[in-house]
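These numbers come from the heavy atoms of this one structure, side chains and all, not from hydrogens, waters or symmetry mates.
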Amino acid sequence: MSEDDGYPVHYGAVKRGTPVYAADGQQVGVVDEIVDNYREHILDGFIIENTDGELRFVDAPEVSRTAERAVRLTIDSAAVAQLPTPEKGAPEFSPRRSGRIGKLLGGNWRRR
């Protein structure tokens with residue numbers, strides 16, 4: 001790693017637009033979205049926008065490091081080009097912390 005990626009961070013702290021680098025050091029895109037398993041609190045992967053503007057899904061085992069200013073992968077840039085496009089899944093809902101009135105009116109869930 002020739003550049004300073006900054007301090008290691010939890011995957012949830014990675015910001016949209018963070019550069020993504022392949023194992024060969026080439027920038028292959030930027031983070032578009034974090035995909036996590038909400039119930040088990042583990043990373044499922046990242047959706048990245050490659051240099052052509054296309055979205056690709058990077059599975060969690062292919063992520064070697066998340067830092068303040070970069071995400072590093074375990075695969076090279078040729079393998080990144082072969083990654084699948086993300087699948088559009090059903091909408092997910094998570095509990096919303098609201099008071100009694102919110103629960104009474106059914107406003108206790110929000111779309112993620």
Side-chain angles (χ1 to χ4, degrees):
M1 289 182 275
S2 61
E3 293 184 30
D4 178 23
D5 295 342
Y7 292 107
V9 296
H10 185 268
Y11 70 85
V14 174
K15 294 183 173 106
R16 186 174 192 204
T18 300
V20 179
Y21 296 94
D24 56 15
Q26 195 159 16
Q27 183 175 347
V28 292
V30 295
V31 172
D32 184 69
E33 185 179 339
I34 300 168
V35 182
D36 71 337
N37 185 324
Y38 176 76
R39 292 190 178 147
E40 296 182 24
H41 305 288
I42 57 172
L43 176 66
D44 193 26
F46 285 100
I47 296 176
I48 65 168
E49 182 179 338
N50 67 13
T51 53
D52 296 330
E54 299 171 339
L55 297 179
R56 298 284 182 234
F57 177 72
V58 180
D59 203 11
E62 296 160 344
V63 177
S64 67
R65 182 174 193 260
T66 56
E68 292 174 309
R69 293 182 287 276
V71 172
R72 298 279 175 176
L73 305 179
T74 61
I75 57 176
D76 63 14
S77 53
V80 173
Q82 302 300 316
L83 290 173
T85 57
E87 294 179 8
K88 187 72 175 173
E92 294 183 28
F93 295 89
S94 62
R96 176 180 290 156
R97 305 224 190 285
S98 63
R100 291 174 143 172
I101 294 179
K103 289 179 184 177
L104 179 65
L105 297 176
N108 204 29
W109 295 93
R110 68 172 168 237
R111 192 177 205 163
R112 296 191 334 141

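Counting heavy atoms from C-beta on, the side chains of V20 and V71 come closer than 4.5 Å. Taking the side chain as every heavy atom from C-beta outward, R69 and D4 approach each other to under 4.5 Å. A heavy-atom distance below 4.5 Å is not found between the side chains of T51 and E54. Side-chain contact check for R56 versus P86: every heavy-atom pair is 4.5 Å or farther apart. Counting heavy atoms from C-beta on, the side chains of V63 and F46 come closer than 4.5 Å.
Judged by distance alone, the side chain of D24 and the main-chain N or O of Q26 form a donor-acceptor pair under 3.5 Å. Panel note: side chain E62, backbone D59; a donor-acceptor pair is recorded below 3.5 Å.
Taken to the nearest 0.5 Å, the OG1 atom of T66 stands 10.5 Å off from the CD atom of E68. Summarising the geometry, atom CG belonging to D36 is positioned 8.5 Å from atom NE2 belonging to H10; distances are rounded to the nearest 0.5 Å. Rounded to the nearest 0.5 angstrom, F57 CZ and L83 CG are separated by 9.5 Å. In this structure, OH on Y11 lies 9.0 Å from CG on D44, to the nearest 0.5 angstrom.
Taking hydrophobic clusters as Ile, Leu, Val, Met, Phe, Trp and Tyr residues chained together by side-chain heavy-atom distances below 4.5 Å, I48 does not share a cluster with Y21. Hydrophobic clustering keeps L55 apart from I75 (ILVMFWY residues linked when any side-chain heavy atoms are closer than 4.5 Å, directly or through intermediates). Following chains of ILVMFWY side-chain contacts shorter than 4.5 Å, one can reach V14 starting from L43, so the two form part of one hydrophobic cluster.
Minimum heavy-atom separation, R72 to G25: NH1-CA, 4.5 Å. Considering all non-hydrogen atoms of both residues, K15 and T18 come closest at O-OG1, 2.6 Å. When all heavy atoms of A67 and D5 are compared, the closest pair comes out as CB-O, 3.4 Å.
When each of D76, V58, L73 is checked for a side-chain contact (heavy atoms from CB on, under 4.5 Å) with V28, only L73 meets the rule.
A 6.0 Å sphere centred on CZ of R16 holds no more than 12 heavy atoms belonging to other residues, nucleotides or ligands.
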